[in-house]
There are 2 protein chains.
Amino acid sequence: MTTTVEPVLHESRAYTAHDHTTCINSALERATVICQEKGQRLTALRKQVLELVWQSHKPVGAYDVLAMLSKGQERPAAPPTVYRALDFLLEQGLIHRIASLNAFIGCSCPDTPHAGVFLICEKCRTTRELDSHDNIQNLKNAADSTGFKTSKTLIEISGLCPCCQEEASDE
Amino acid sequence: MTTTVEPVLHESRAYTAHDHTTCINSALERATVICQEKGQRLTALRKQVLELVWQSHKPVGAYDVLAMLSKGQERPAAPPTVYRALDFLLEQGLIHRIASLNAFIGCSCPDTPHAGVFLICEKCRTTRELDSHDNIQNLKNAADSTGFKTSKTLIEISGLCPCCQEEASDE
DNA sequence: TCAAGAATGTTATATTATATCCTTCCACAT
DNA sequence: ATGTGGAAGGATATAATATAACATTCTTGA
C-alpha cells in the first residue's frame with residue numbers, strides 16, 4: 001500500500017480574487033511577531049520593503065521595490081538600501097528569492113524555516129509556494145546518497161497557472 | 001514493498017582526478033553528432049564556446065567565457081557573441097544554465113533532453129548532474145495535481161561535495 | 001549620557017544581460 | 001559560377017541586477 005502525499009498550498013488565494021490587504025496585513029503582523037521572538041529588529045524600512053514585496057502574489061524585482069520605495073520621495077533610495085532590507089528579510093525567512101527571475105516573493109509560511117517549491121506562471125508570473133516536504137526530502141536523500149552533503153535546495157517550477165490555462169484554451 | 005530508486009550520476013568523474021581532455025573531446029564529438037542529426041550548425045565559434053564551458057566541472061560565467069575567448073585576440077569579443085553561442089548551446093541541450101550562479105555548465109548527457117538536478121559544491125563550485133528522473137516526476141505530479149501545468153523544472157542543490165567535506169573535517 | 005554597534009545614507013562601480021543595427025558567411029536555386 | 005535570402009557573427013550602446021566602501025544617524029544598554 002502506498003501513502004499518497006497531498007501537496008499543501010501555502011498561499012491558496014494567489015489565483016483567485018481576494019481581499020489582498022488581508023494578505024499584506026497578516027504578513028506584516030506575523031513578521032512583527034517573528035522578529036520580536038527572535039530579537040530581530042523589523043525597522044520601519046524593513047517593514048515597508050516587506051509590505052512592498054507583498055503587494056502582489058508575483059515575484060518583485062529589487063529595483064521595482066526601489067522604485068516603489070522612492071515614489072514621492074524627494075530623494076530616491078539607493079540600491080543598497082533595498083538590498084540590505086531584502087537580505088534581512090531573506091535571513092529571517094520572511095521572503096524567498098526566485099533565482100530564475102532575480103526577484104523576491106513574500107513567504108507564505110514564515111513561522112518555520114523551509115526550502116520552498118515555487119510554481120511560477122510563465123504568463124502572469126503569479127507564483128505560489130508549495131509545501132512539498134516529502135519531495136524535497138527525497139531529493140536530498142538522492143543527493144546525499146552520492147556522498148554529497150546538502151545544505152540548501154532550490155526548486156522552481158515554471159508553467160501555466162490554472163487561470164492562464166483557461167485563457168489559453170479560450171483563444 | 002518499496003522500490004528504491006538509485007540516483008544515477010551522469011558525470012561521475014567530476015570529483016576525482018582524471019584526464020579531462022577526454023571529457024572535453026567526448027563532449028565536442030557528441031555535440032557534433034547531435035547537431036548533425038538535428039540539422040543544426042555547430043559553427044567554429046559555438047564549438048569553441050562549448051569547449052570553454054567544458055574546461056572544468058564547475059559552472060562558468062558568460063564573462064569568463066568571454067575573457068577566455070578574447071585572450072590573445074587583438075580585438076576582444078563582445079558580450080552578444082558569447083550570449084548568442086550560449087543560447088544556441090542551451091537550445092540544443094548541450095549545456096545547462098545554473099540560475100543560482102548565473103553560470104553555465106556542460107551537459108553530461110546531451111543525447112536526450114532532460115531537466116537537470118545539480119549538486120553544487122559551495123566551496124569548490126564543482127557541480128555534478130544527477131539523473132533523478134523519478135524525483136522530478138514526483139515534483140511535477142505534485143505541481144500538476146494543484147491545477148498547474150508544468151513546463152520546466154529547475155532544481156539546484158547546494159552543499160559540500162565529498163572532497164570538500166573531507167577537507168573540512170581535516171581542519 | 002556616552003559609547004558601541006547596528007542600521008541607513010551616499011557614491012561609485014561591478015557584474016550580468018540584451019537591444020539594435022550592420023556586415024559577413026553559407027546553402028541553395030538558378 | 002553566381003546571385004540571393006536567411007542565418008550567424010561583429011560592433012556599439014545600454015539596460016538590469018548587485019555589491020563595495022565609507023559616512024552618518026540611530027538605538028540600546030552600561
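Quick note on labels: first sequence line is chain A, next is B, and so on, each numbered from 1.
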Find the distance B:L69:CG to D:dA11:C1' and express it as a whole number of Å. 15 Å
Taking the side chain as everything from C-beta on, heavy atoms only, tell me whether A:Q92 gets closer than 4.5 Å to A:R46. no
Find the distance B:D87:CG to D:dA7:C1' and express it as a whole number of Å. 15 Å
I need the CD1-P distance between A:I98 and D:dA18, as an integer number of Å. 12 Å
Over 12 non-hydrogen atoms of neighbours within 6.0 angstrom of NZ in B:K149: no
Between CG of A:L66 and P of D:dA16 the distance, given in whole Å, is 13 Å
May I ask you to check whether over 12 heavy atoms, not counting those of A:H133, lie within 6.0 Å of atom NE2? no
Neighbour count above 12 (heavy atom, 6.0 Å) for B:K152 NZ: no
Rounded to the Å, how far apart are A:Q48 CD and C:dT8 C1'? 13 Å
Specify the separation, in whole Å, of atom CG of B:L89 and atom P of D:dG9. 10 Å
If I take atom CD in residue A:Q40 and atom C1' in nucleotide D:dT28, what distance separates them, rounded to the nearest angstrom? 15 Å
Send over the distance from A:K47 NZ to C:dT8 C1', rounded to a whole Å. 18 Å
Mark up nucleotides 9-17 of chain C, 5' to 3', with B wherever a protein heavy atom is under 4.0 angstrom from a base atom, S wherever such an atom reaches only the sugar-phosphate, and - elsewhere. BBB----BB
Output yes when at least one side-chain N/O atom of A:R46 is less than 4.0 Å from OP1 or OP2 of C:dA7, else no. yes
Look at the side-chain heavy atoms of Ile, Leu, Val, Met, Phe, Trp and Tyr, link any pair under 4.5 Å apart, and say whether A:L101 and A:L52 land in one connected group. no
Is there a side-chain contact between A:L139 and B:S132 in this structure, where contact means two heavy atoms from C-beta onward sitting under 4.5 Å apart? yes
